[in-house]
Amino acid sequence: MNIHEYQAKEILKSYGVRIQEGIVAETPEQAVAAAKKLTEETGTGWHVIKAQIHAGGRGKGGGVKLAKNLDQVKELADQILGMTLVTHQTGPEGKLVQKVLVAQDVYYPGDSEPKEYYLSILLDRAKGMNVIMASTEGGMDIEEVAEKSPEKIIKEWIDPAVGLQGFQARKIAFAFGLEGEAFKEMVKFVSNLYKAYLETDSSMFEINPVLKTSDNKILAVDAKVNLDDNALYRHKNLAAMRDLSEEDPLEVEAGEYHLNYVKLDGNVGCMVNGAGLAMATMDIIKLSGGEPANFLDVGGGANAQTVEAGFRIILKDPNVKAILINIFGGIVRCDRVANGVVEAYKNIGDINVPIIVRLQGTNAEEGARIIDESGLKVYSAVVLKEAAEKVKQVLAQA
Ligand code: GDP
Ligand code: MN
């Protein structure tokens, strides 16, 4: 689960990681009030207005602006709130900005040497360890740094049995060329950041940039946090940070039925039980000349209700020209799935895309019979290849 920058910063702060202070606002008036409050609390005269969307690259897209007085705070908040922000991470359709973070300006006016660094923590699955990635090339697009000068990214793997060691945090501070107070601050920053990452069960932390101010403070100017969905049950306060308006509505609906659904760009909707079978099905759709419109794993316990919910979700995607249902009846019996399909078809009504159903396993023949006798525009197939051929035929006719 992704969260907003302002929420990520709340987490960091609670772990003693210094941040660029800010207050979230939903209207220009709130932004002005926030700016006044920040001036009282931090003494800042200037403020940055930062669009809060679940995507990076906001600065380049015009979603991060500096305001030098309260009139500008109001003007810029008014401009950014409600804008459709397009960045390299949002896709061409962009994202609607509903909140801004009014933050203290930490690049002090006249500060000739603000230095930006890059820090991230994520799980290295191949090594089975968390890894801290650090670079002196902060503030830049890290993918670009990785491509053009990979030697500028250093990696520090953390043995889960012993945790982050002091020398590792110091190694990063050394690599940044820091000394004195800034060095100590950085060691503390890295240690606290790692603790926050671990204790929140996160799968990614990315702080870009980490800033060293001219008075040797180290602070997080940006914060991107991805929390592990599977651990949210033990972090009620973090689960509450979910912003459904930032997520794909179809994926949200699928989640309510415990369906694993990922929207894709193709034209063949598919409903499958089991993630491995779903991937094999997507492969065979491609082989037959189609493009999968989604990944949908209805899970092992699929019943008429889940099948119907899956149908509705797939059909809400206007690109879908055919649906392939591929179920292996193990725990779930094929006749039950077939009944579910027929029922869903009747309940939803007006389904004018062809549906190819391939049922295999327990009670497969009975399942096929139910579908054939239903009189609906549903094609049954027994082997996957046959199902793929049918998809090809119906796509050719579409
Ligand atoms: P991103 O573009 O989505 O990664 O958003 P960031 O939070 O990283 O901000 C983008 C850029 O805005 C940063 O790299 C900074 O150059 C600039 N920025 C952020 N905070 C401040 C600030 O307090 N003062 C000034 N002058 N610039 C800032
Ligand atoms: Mn950033």
Side-chain angles (χ1 to χ4, degrees), residues 2-13 17-25 31 34-35 38-39 41-69 72-73 76-77 79-80 83-91 94-122 133-146 153 189 193 204-215 217-226 243 246:
N2 287 320
I3 55 176
H4 287 292
E5 173 196 359
Y6 77 92
Q7 296 167 319
K9 282 176 164 172
E10 276 170 26
I11 296 176
L12 296 189
K13 193 177 178 180
V17 178
R18 194 193 298 276
I19 55 163
Q20 171 195 43
E21 295 287 345
I23 298 171
V24 73
L38 277 174
T39 302
E41 287 172 2
T42 67
T44 186
W46 292 2
H47 300 85
V48 264
I49 313 298
K50 311 180 81 177
Q52 299 296 289
I53 54 168
H54 285 187
R58 296 164 302 163
K60 277 187 195 152
V64 179
K65 296 260 170 77
L66 181 66
K68 299 186 179 177
N69 55 50
Q72 287 182 3
V73 168
L76 292 170
Q79 185 190 318
I80 295 173
M83 84 186 279
T84 300
L85 183 54
V86 180
T87 80
H88 66 281
Q89 288 185 1
T90 59
K95 278 199 157 168
L96 177 69
V97 182
Q98 292 169 301
K99 289 180 183 141
V100 289
L101 179 63
V102 180
Q104 61 173 156
D105 171 37
V106 284
Y107 295 60
Y108 311 130
D111 189 344
S112 56
E113 282 294 314
K115 181 75 190 90
E116 296 178 315
Y117 306 95
Y118 173 94
L119 269 179
S120 65
I121 311 175
L122 45 115
M133 302 212 278
S135 175
T136 50
E137 307 306 291
M140 308 227 330
D141 197 356
I142 199 68
E143 286 82 4
E144 206 177 307
V145 179
I153 300 177
F189 188 95
L193 193 69
M204 201 223 20
F205 263 29
E206 186 182 56
I207 315 299
N208 187 24
V210 174
L211 184 75
K212 181 181 89 70
T213 61
S214 49
D215 52 356
K217 291 204 176 79
I218 304 293
L219 50 90
V221 170
D222 193 5
K224 223 169 145 184
V225 163
N226 181 268
D243 183 350
E246 287 285 329

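Start at 1 and go down the list; that is how both ligands and their atoms are numbered. Note that the structure is a prediction, hence the values are computed from the model and not measured.
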- Task: Dump the intermediate steps for side-chain hydrogen bond (donor to acceptor under 3.5 Å, both in side chains) on Glu5 and Gln52, then the final yes or no.
- Result: CA-CA 7 Å; Glu5 173 196 359; Gln52 299 296 289; 3.0 Å; yes
- Query: Evaluating non-hydrogen atoms only, which member of Gly59, Gly22, Ala220 is closest to atom 10 (C) of ligand 1?
  - Reply: Gly59
- Just checking, any donor-acceptor pair under 3.5 angstrom between side chains of Asp243 and His54? no
- Message: Test your reading of the structure: does Lys60 have an N or O sitting under 3.5 Å from an N or O of ligand 1?
- Response: no
- Query: Atom CD1 in Ile218, atom CD1 in Ile207: separation rounded to 0.5 Å?
  - Reply: 13.0 Å
- Which residue supplies the protein heavy atom nearest to atom 15 (C) of ligand 1, what is that atom called, and how far is it? Tyr107 OH, 3.5 Å
- Task: May I ask you to test the Leu122-Asn226 pair for a side-chain heavy-atom distance under 4.5 Å?
- Result: no
- Near Lys50, which atoms of ligand 1 are under 4.0 Å from a heavy atom of that residue? 7 (O)
- Task: Tell me, yes or no, whether the heavy-atom count around Lys13 atom NZ, taken from other residues, nucleotides or ligands under 6.0 Å, exceeds 12.
- Result: no
- protein heavy-atom neighbour closest to atom 5 (O) of ligand 1 works out as Arg58 NH2, 3.1 Å
- Query: Side-chain donor-acceptor pair under 3.5 Å between Gln89 and Lys224, yes or no?
  - Reply: yes
- Item | Sub-4.0 Å atoms of ligand 1 with respect to non-hydrogen atoms of Gln20 | 20 (N), 21 (C), 22 (C), 23 (O)
- If you measure from CD on Glu116 to OH on Tyr107, what distance do you get to the nearest 0.5 Å? 3.5 Å
- Nearest to atom 8 (O) of ligand 1 by heavy atom, Ile207, Asp222, Val221: which? Asp222
- Task: Before accepting this row, confirm whether a basic side-chain N of the pair Asp105/Lys68 lies closer than 4.0 Å to the acidic partner's carboxylate O.
- Result: no
- First locate atom CD1 of Ile19, then atom CG of Leu219, and finally report the distance between them rounded to the nearest 0.5 Å. 9.0 Å
- Task: Spell out the protein N/O/S atoms under 2.8 Å from the Mn ion (ligand 2) as residue plus atom name.
- Result: Asn208 O, Asp222 OD2
- Message: Could you tell me if Lys9 and Gln20 have a donor-acceptor pair between their side chains, going purely by distance under 3.5 Å?
- Response: yes
- Task: Would you mind telling me if ligand 1 is within reach of the side chain of Asn208, the backbone, both or neither, using heavy atoms under 4.0 Å?
- Result: backbone
- Side chain, backbone, both or neither: the part of Val106 lying under 4.0 Å from ligand 1 by heavy atom: both
- Point-to-point distance, once rounded to the nearest 0.5 Å, from CD1 of Ile142 to CD of Glu206: 7.5 Å
- Task: Specify the protein heavy atom at minimum distance from atom 9 (O) of ligand 1: its residue, its atom name, and the distance to 0.1 Å.
- Result: Val64 CG2, 4.0 Å
- Atom pair CZ/CG of Phe205 and Leu119 - distance to nearest 0.5 Å: 11.5 Å
- Heavy-atom closest contact (Val24 atom, Leu101 atom, distance): N-CD1, 3.9 Å
- Query: In terms of atom number and element, which parts of ligand 1 are under 4.0 angstrom from non-hydrogen atoms of Asp105?
  - Reply: 22 (C), 23 (O), 24 (N), 25 (C), 26 (N)
- Task: Mark whether atom 28 (C) of ligand 1 lies under 4.0 angstrom from at least one protein heavy atom.
- Result: yes
- Query: Do any nitrogen or oxygen atoms of Glu5 come within less than 3.5 Å of a nitrogen or oxygen of ligand 1?
  - Reply: no
- Task: Could you establish whether Gln104 and ligand 1 come within less than 4.0 Å of each other, counting only heavy atoms on the residue side?
- Result: yes
- Short N or O distance, Gly57 and ligand 1, threshold 3.5 Å exclusive: yes
- Task: Considering the heavy atoms of Glu116, write down every atom of ligand 1 situated less than 4.0 Å from one of them.
- Result: 14 (O), 15 (C), 16 (O)
- Message: Taking 4.0 angstrom as the limit and counting only heavy atoms of Gly56, give me the atoms of ligand 1 inside it, by number and element.
- Response: 3 (O)
- Could you state the interatomic distance from OH (Tyr118) to CE (Met133), rounded to the nearest 0.5 Å? 5.0 Å
